[in-house]
Amino acid sequence: MLHACGGTDTNQMMEGDAAQQAYVAPGEYDEYYAFMSGGYSGQITAYGLPSGRLLKEIPVFSQYPENGYGYSEETKPMFNTSYGFVPWDDSHHIELSQTEGEFDGRWLFVNGNNTPRIARIDLKTFETVEILEIPDVAGLHCAPFITENSEYLVSGTRFSVPIPQKDVPIDTYKENFKGLINYVTVDPEHGHMDLAFQIEMPGFNYDLARNGKAISHGWSFLTTYNSEQEHSLLEVNASQKDKDLMAVVNWKKAEEYLEQGKFTERETSYFHNLMDEGSGIVNSTERSTTRILDPKECPDMVYFIPVPKSPHGCDVDPTGEYIVGNGKLSADMSVYSFSKIMQAIEEENFDGEFDGIPIINYEAALHGIVEKPGLGPLHTEFDGRGNAYTTFFISSEVVKWDVESKEILDRQPTFYSPGHLVIPGGETRNPDGKYLVAMNKITKDRYLPTGPELAHSAQLFDISGDKMKLILDFPTKAEPHYAQAIAADKIQPNSVKFFDIESNTHPHATMGESRSRVERNGNEVHVYMTAIRSHLAPDNIEGIKLGDRVYFHLTNLEQDWDVPHGLAIQGATNAEILVMPGQTRTLLWEPKRQGVFAFYCTDFCSALHQEMSGYVRVSPEGSDVPLKWGLNEELHNDEEAALDFQENARKLAHNR
């Protein structure tokens with residue numbers, strides 16, 4: 001079922017009430033949040049469903065000038081890695097936290113594909129609050145797949161490499177290259193991540209994963225490709241075998257081996273970057289060891305199952321019984337039975353082994369085959385009514401089929417070449433089978449052209465009936481690879497409207513305009529600034545000299561929803577900072593020339609927003625211009641009083 005890129009009248013495929021189904025009236029809220037990865041942007045976007053309205057771009061792995069993320073002194077450490085400061089990545093896969101197999105709306109996780117990392121976003125604030133580097137892997141594409149009670153985030157390396165890294169010929173791939181499967185714990189109260197253990201695996205490419213649920217809870221399923229272990233022209237050389245292999249991991253057995261001490265410690269380097277909740281300051285810590293489990297030394301922990309070649313993931317149905325294995329180069333889809341897998345393991349029904357890992361007999365594990373469903377199967381999700389939905393990249397369609405009988409029930413074209421799809425809760429034990437969004441890679445002729453690079457397309461289908469119905473087509477930012485959607489009422493009631501200023505523990509917070517001041521320590525100058533509608537304090541600063549490093553610590557004194565304040569300074573070479581109510585953020589400014597330079601609030605906050613500005617005077621290096629500032633009039637020309645004020649402010653801060 002191939003479709004040309006033009007000439008198709010999609011209006012014929014949309015019923016008259018489609019617009020009404022997707023319409024959200026002014027002042028009304030969407031029913032769902034949909035979170036989409038940003039691909040090469042390194043970020044996440046949040047959309048409302050069914051409207052398709054873009055609500056927010058959440059900065060994660062890339063610096064973001066719009067609000068100063070990665071530019072403020074508090075957030076710069078979020079980008080620390082064993083490779084140094086890395087302010088970019090390639091974000092692919094979204095994972096919402098779960099409780100008892102359902103999305104709970106607490107946290108959102110996403111992978112960094114290039115410099116291997118996993119990030120956590122707090123859904124109370126929609127801010128990135130933690131990034132954990134994953135050591136000794138290359139291309140963390142297979143990440144971060146969560147277990148049904150958020151016990152673990154599971155990941156695997158896309159590109160196997162020498163472990164530990166060393167200078168070896170690339171053509172010694174089969175002898176020297178290894179893969180890793182990584183298990184990261186999630187603290188149930190705070191969400192903090194920790195690398196619990198890694199499993200050393202053969203040198204394949206680990207692609208995507210799913211964890212078991214309900215009856216299969218305690219197991220992980222990871223598809224691999226390049227079981228040929230080739231290193232050049234993979235599109236040919238890694239497609240020689242009829243089937244690749246799916247790794248089946250008993251992570252509860254792995255926990256037993258850890259408890260027994262059956263691991264080895266490896267010296268390495270990786271960074272854990274965590275934001276302190278009270279101060280908003282990111283603390284960056286380098287870690288130096290990991291715990292490695294070897295399947296050859298830990299029997300009954302890891303198995304392989306043959307899977308159609310070049311798979312792009314596997315998916316587990318809501319009951320946990322069926323695992324769908326899609327091979328991009330196969331005309332059919334294999335559906336496995338967890339019960340049969342367990343029986344085959346118990347009976348040792350194996351077809352040999354690979355590097356000491358038993359290979360489960362393919363036919364013994366099979367529930368059945370979905371025959372000729374389409375071309376290029378990629379991703380499957382479920383509606384909770386016994387039906388599965390799979391995207392087909394080559395034939396540009398979504399196909400609905402019955403999981404138990406494997407019968408094709410419906411197919412609808414997409415425009416064009418869908419990668420992943422998302423059904424709200426479609427990866428959980430309790431999907432909400434109302435909508436499906438297909439995320440399409442090719443969008444020529446869909447929207448007004450924007451040069452050679454076009455927006456990607458998301459197409460919303462109503463799947464509540466027997467037949468799928470296309471009701472909306474909306475553009476998406478960057479290149480979303482993956483998405484998850486959750487009922488809005490699981491997030492909206494917990495959303496933070498402003499930060500309690502009395503709980504602000506930032507060491508440079510200015511708790512009230514009367515405490516605003518400027519202090520010098522050598523060539524470091526600290527400006528303790530406040531913002532409130534409609535002025536910045538201080539608003540005139542003198543005594544700054546060439547060669548100074550000036551830290552503007554801006555505290556937003558507002559305690560009202562939707563009143564952020566910003567700060568930008570003429571000549572700054574980094575970015576502005578945007579400060580939420582009750583929060584403190586720091587902008588480093590290093591003046592390059594002498595003169596008088598303007599600063600101002602960048603976020604329109606009131607009718608007198610334009611007046612929310614000031615000046616800073618920069619004098620030559622070594623000049624004797626005294627340090628003074630405006631708004632505190634009694635201090636303006638009285639250096640002795642200013643010094644007394646600074647000392648009293650220090651005492652107040654110390655006692656606070």
Side-chain angles (χ1 to χ4, degrees), residues 63-77 279-282 499 501 504 506-558 564-603 605 609 611-619 625 627-632 635 642 645-646 649-650 653:
Q63 289 180 307
Y64 197 60
E66 181 179 306
N67 64 6
Y69 175 77
Y71 295 98
S72 72
E73 296 304 295
E74 291 80 8
T75 58
K76 282 180 181 178
S279 67
I281 296 174
V282 175
F499 294 95
I501 198 165
N504 185 335
H506 194 293
H508 298 294
T510 305
M511 306 299 281
E513 188 175 296
S514 64
R515 299 183 183 183
S516 63
R517 62 197 186 276
V518 183
E519 297 181 357
R520 174 181 290 280
N521 182 14
N523 70 334
E524 279 191 8
V525 177
H526 293 266
V527 179
Y528 294 83
M529 180 176 283
T530 62
I532 198 164
R533 288 166 287 185
S534 297
H535 60 268
L536 297 164
D539 64 353
N540 289 291
I541 303 169
E542 299 188 23
I544 307 301
K545 305 168 188 178
L546 288 177
D548 283 346
R549 293 168 58 86
V550 185
Y551 293 88
F552 285 84
H553 308 290
L554 178 62
T555 299
N556 182 346
L557 298 178
E558 307 281 357
H565 290 299
L567 177 67
I569 305 172
Q570 183 182 1
T573 58
N574 40 24
E576 65 148 357
I577 52 173
L578 193 63
V579 188
M580 298 301 109
Q583 195 177 51
T584 301
R585 282 285 182 263
T586 300
L587 178 65
L588 171 61
W589 182 59
E590 299 182 80
K592 303 299 182 184
R593 63 182 73 167
Q594 61 190 50
V596 178
F597 302 94
F599 57 82
Y600 64 99
C601 174
T602 53
D603 192 273
C605 55
H609 166 74
E611 285 75 12
M612 199 166 175
S613 62
Y615 292 102
V616 57
R617 173 187 172 188
V618 179
S619 302
V625 175
L627 195 66
K628 57 184 180 180
W629 59 92
L631 276 195
N632 290 310
L635 308 180
F645 179 86
Q646 291 174 22
R650 287 192 193 96

*When rounded to the nearest 0.5 angstrom, what is the spacing between NE2 in H553 and CD in E74?*
8.0 Å
_If I take atom CD from residue E73 and atom CG from residue L587, how far apart are they, to the nearest 0.5 angstrom?_
8.0 Å
_Identified side-chain hydrogen bond (donor to acceptor under 3.5 Å, both in side chains) partner of T602 from the options H609, E66, E576_ = E576
_Y528 and E519, any side-chain heavy atoms less than 4.5 Å apart_ = yes
*asked:* Looking at R549 and E590, is there a salt bridge between them, counting it only when a charged N and a carboxylate O are closer than 4.0 Å?
replied: yes
_N504-T584 side chain donor-acceptor pair, cut-off 3.5 Å_ = yes
*asked:* If I take atom OG from residue S72 and atom CD1 from residue I281, how far apart are they, to the nearest 0.5 angstrom?
replied: 9.5 Å
*What pairs with S613 under side chain to side chain donor-acceptor pair (under 3.5 Å), at least two apart in sequence or on another chain?*
none
*asked:* Applying side chain to side chain donor-acceptor pair (under 3.5 Å), can you list everything that pairs with K545, at least two apart in sequence or on another chain?
replied: none
*Side chain proximity check, V282 to K76, heavy atoms < 4.5 angstrom*: no
*Nearest atoms (heavy-atom pairs only) where Q570 meets W589*: O-NE1, 3.5 Å
*How long is the span from the CG atom in L627 to the CD1 atom in I541, to the nearest 0.5 Å?*
8.5 Å
For residues 530-538, please give each side-chain donor-acceptor pair under 3.5 Å, one per line with the distance, not counting sequence neighbours.
residue	atom	partner	partner atom	Å
R533	NE	E558	OE1	3.3
R533	NE	E558	OE2	3.1
R533	NH2	E558	OE1	2.9
S534	OG	S606	OG	2.5
H535	NE2	E513	OE1	2.5
H535	NE2	E513	OE2	3.4

*For side chain to side chain contact (heavy atoms under 4.5 Å, CB included), just list the numbers for M511 and I501, CA-CA rounded to whole Å, side-chain angles, deciding distance to a tenth of an Å, and then say yes or no.*
CA-CA 8 Å; M511 306 299 281; I501 198 165; 4.0 Å; yes
_Spacing of L546 atom CG and Q594 atom CD [to the nearest 0.5 Å]_ = 6.0 Å
*Provide the closest heavy-atom pair for V550 versus F552 in the form atom of the first, atom of the second, distance.*
CG1-CE1, 3.4 Å
*Check ring pair (Phe, Tyr, Trp, His ring centres under 6.0 Å) between Y69 and all other residues, then give those that pass, not counting sequence neighbours.*
F79
*Return the minimal non-hydrogen interatomic distance between F599 and I569, and the atom names on each side.*
CB-CG1, 3.8 Å
_Please give me the minimum heavy-atom distance between G70 and Q63, naming the atom from each residue._
O-NE2, 2.7 Å
*Closest contact, heavy atoms only, G543 versus D548*: O-OD2, 4.3 Å
*Sub-4.5 Å side-chain heavy-atom contact between T555 and H506*: no
*Name all residues meeting the ring pair (Phe, Tyr, Trp, His ring centres under 6.0 Å) criterion together with Y551; count only those two or more places apart in sequence or in a different chain, and write none if there are none.*
H526
_Nearest heavy atoms of G280 and R585, plus distance in Å_ = O-NH1, 3.4 Å
*Kindly write out the residues that satisfy side chain to side chain donor-acceptor pair (under 3.5 Å) with S619, not counting sequence neighbours, or none if the list is empty.*
none
*Taking the side chain as every heavy atom from C-beta outward, state whether Q583 and N556 have any pair of such atoms under 4.5 Å apart.*
no
*Is any side-chain heavy atom of M529 less than 4.5 Å from a side-chain heavy atom of S516?*
no
*With N67, the side-chain contact (heavy atoms from CB on, under 4.5 Å) member among V579, L578, D603, I577*: L578
